[in-house]
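This chain uses plain numbering: 1 for the first residue, then up along the sequence. Side chains are part of it too, since the values below use all heavy atoms of this structure and drop only hydrogens, waters and symmetry mates.
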Amino acid sequence: QVQLQESGPGLVKPSQTLSLTCTVSDASITIKYYYWSWIRQPPGKGLEWMGAITYSGSPYYTPSLESRISISRDTSKNQFTLQLSSMTPEDTAVYYCARQYPHFDLIAIDYWGQGTQVTDSS
């Protein structure tokens, strides 16, 4: 079974950069045609898709975050990372990593990490 595990700081100072790592077990992040994604959920709000990196290493970001977000990977460690700069209180959320795959006209999610709480220290 594929497992994803988020790791990183739970508290980030205002204006600093959040760095989270997702470690993937039992599935290579280079296998066609999966996307490796970051999704977050602020308190009391819905899920927000942030971005993803493809099996070939191409990143995609939601327009609302693209000036601040970077997703990269380390294939030797089977990990992918999120960096979100200029943290504000509005970035406080539970952050999830997930695997996505094309499914007909959808890009579905089949595996999620358990999520990690990240709080802007304000």
Should side-chain heavy atoms under 4.5 Å link Ile, Leu, Val, Met, Phe, Trp and Tyr, which residues sit in the same cluster as Y55?
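Its cluster mates, by chain and number, are Y33.
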Just jot down the ring-ring contact (aromatic ring centres under 6.0 Å, His included) partners of F104, sequence neighbours excluded, or say none.
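Listed in chain order: nothing, the list is empty.
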How would you list, by chain and number, every residue that makes a ring-ring contact (aromatic ring centres under 6.0 Å, His included) with Y60, sequence neighbours excluded?
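Y60 satisfies ring-ring contact (aromatic ring centres under 6.0 Å, His included) with no residue once adjacent residues are dropped.
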Show the atom names and distances, to 0.1 Å, of all donor-acceptor pairs under 3.5 Å that link a side chain in residues 1-10 to residues at least two apart or in another chain.
unit_1 : atom_1 : unit_2 : atom_2 : d
E6     : OE1    : Q114   : N      : 3.4
E6     : OE1    : G115   : N      : 3.1
E6     : OE2    : C97    : N      : 2.9
E6     : OE2    : G115   : N      : 3.2

P102 versus Y35, closest heavy-atom pair with distance:
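P102 and Y35 have their closest heavy atoms at CG-CE1, 4.5 Å.
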Looking only at non-hydrogen atoms, find the nearest pair between G51 and I71 and report the distance.
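The pair with the smallest heavy-atom distance is C-CD1, 3.3 Å.
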Per the disulfide bond (SG atoms under 2.5 Å apart) rule, what does the pair list look like for residues 31-83, sequence neighbours excluded?
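Counting only pairs at least two positions apart or across chains, no disulfide bond (SG atoms under 2.5 Å apart) contact touches residues 31-83.
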Spatial distance of atom [atom1] ([X]) from atom [atom2] ([Y]) [nearest 0.5 Å]:
X	Y	atom1	atom2	answer
L18	T92	CG	OG1	10.0 Å
S70	I53	OG	CD1	8.0 Å
S122	L11	OG	CG	9.0 Å

Got a list of side-chain donor-acceptor pairs under 3.5 Å for residues 41-50, not counting sequence neighbours?
unit_1 : atom_1 : unit_2 : atom_2 : d
Q41    : NE2    : K45    : O      : 3.0
E48    : OE1    : R40    : NE     : 2.7
E48    : OE1    : R40    : NH2    : 3.2
W49    : NE1    : Q100   : OE1    : 2.8

Name all pairs fulfilling the salt bridge (charged side-chain N to carboxylate O under 4.0 Å, His left out) condition that reach into residues 7-25, sequence neighbours left out, sorted by first residue then second.
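For residues 7-25, and leaving out neighbouring residues, there are no salt bridge (charged side-chain N to carboxylate O under 4.0 Å, His left out) pairs at all.
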Taking salt bridge (charged side-chain N to carboxylate O under 4.0 Å, His left out) as the cut-off, I'd like each qualifying pair that reaches into residues 101-122, sequence neighbours left out, listed once.
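As it turns out, the salt bridge (charged side-chain N to carboxylate O under 4.0 Å, His left out) pairs with a partner in residues 101-122, which skip direct neighbours, are R99-D110.
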With sequence neighbours excluded, give me every side-chain hydrogen bond (donor to acceptor under 3.5 Å, both in side chains) pair touching residues 72-84.
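For residues 72-84, and leaving out neighbouring residues, the side-chain hydrogen bond (donor to acceptor under 3.5 Å, both in side chains) pairs sorted by first residue read T23-Q79, S72-T81, D74-S76.
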Check whether I39 and M87 end up in the same hydrophobic cluster, where Ile, Leu, Val, Met, Phe, Trp and Tyr are linked by side-chain heavy atoms less than 4.5 Å apart.
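I39 and M87: separate clusters.
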Quick check: is L84 connected to V94 through a chain of hydrophobic side chains (ILVMFWY, heavy atoms under 4.5 Å apart)?
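Hydrophobic grouping puts V94 apart from L84.
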Side chain proximity check, V118 to V12, heavy atoms < 4.5 angstrom:
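Yes; the side chains approach each other to less than 4.5 Å.
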Please collect all ring-ring contact (aromatic ring centres under 6.0 Å, His included) contacts where either partner lies in residues 64-99, sequence neighbours excluded, each pair once.
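Output for this query lists W36-F80, W38-F80, Y96-W112.
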Please list, chain by chain and in numerical order, all residues satisfying side chain to side chain contact (heavy atoms under 4.5 Å, CB included) with S86, sequence neighbours excluded.
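Residues passing side chain to side chain contact (heavy atoms under 4.5 Å, CB included) with S86: R68.
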Non-neighbouring partners of L106 that pass side chain to side chain contact (heavy atoms under 4.5 Å, CB included), sequence neighbours left out:
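With sequence neighbours excluded, L106 shows a side chain to side chain contact (heavy atoms under 4.5 Å, CB included) to no residue whatsoever.
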T119 side chain to S121 main-chain N or O, any donor-acceptor pair under 3.5 Å?
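Such a contact is absent between T119 side chain and S121 backbone.
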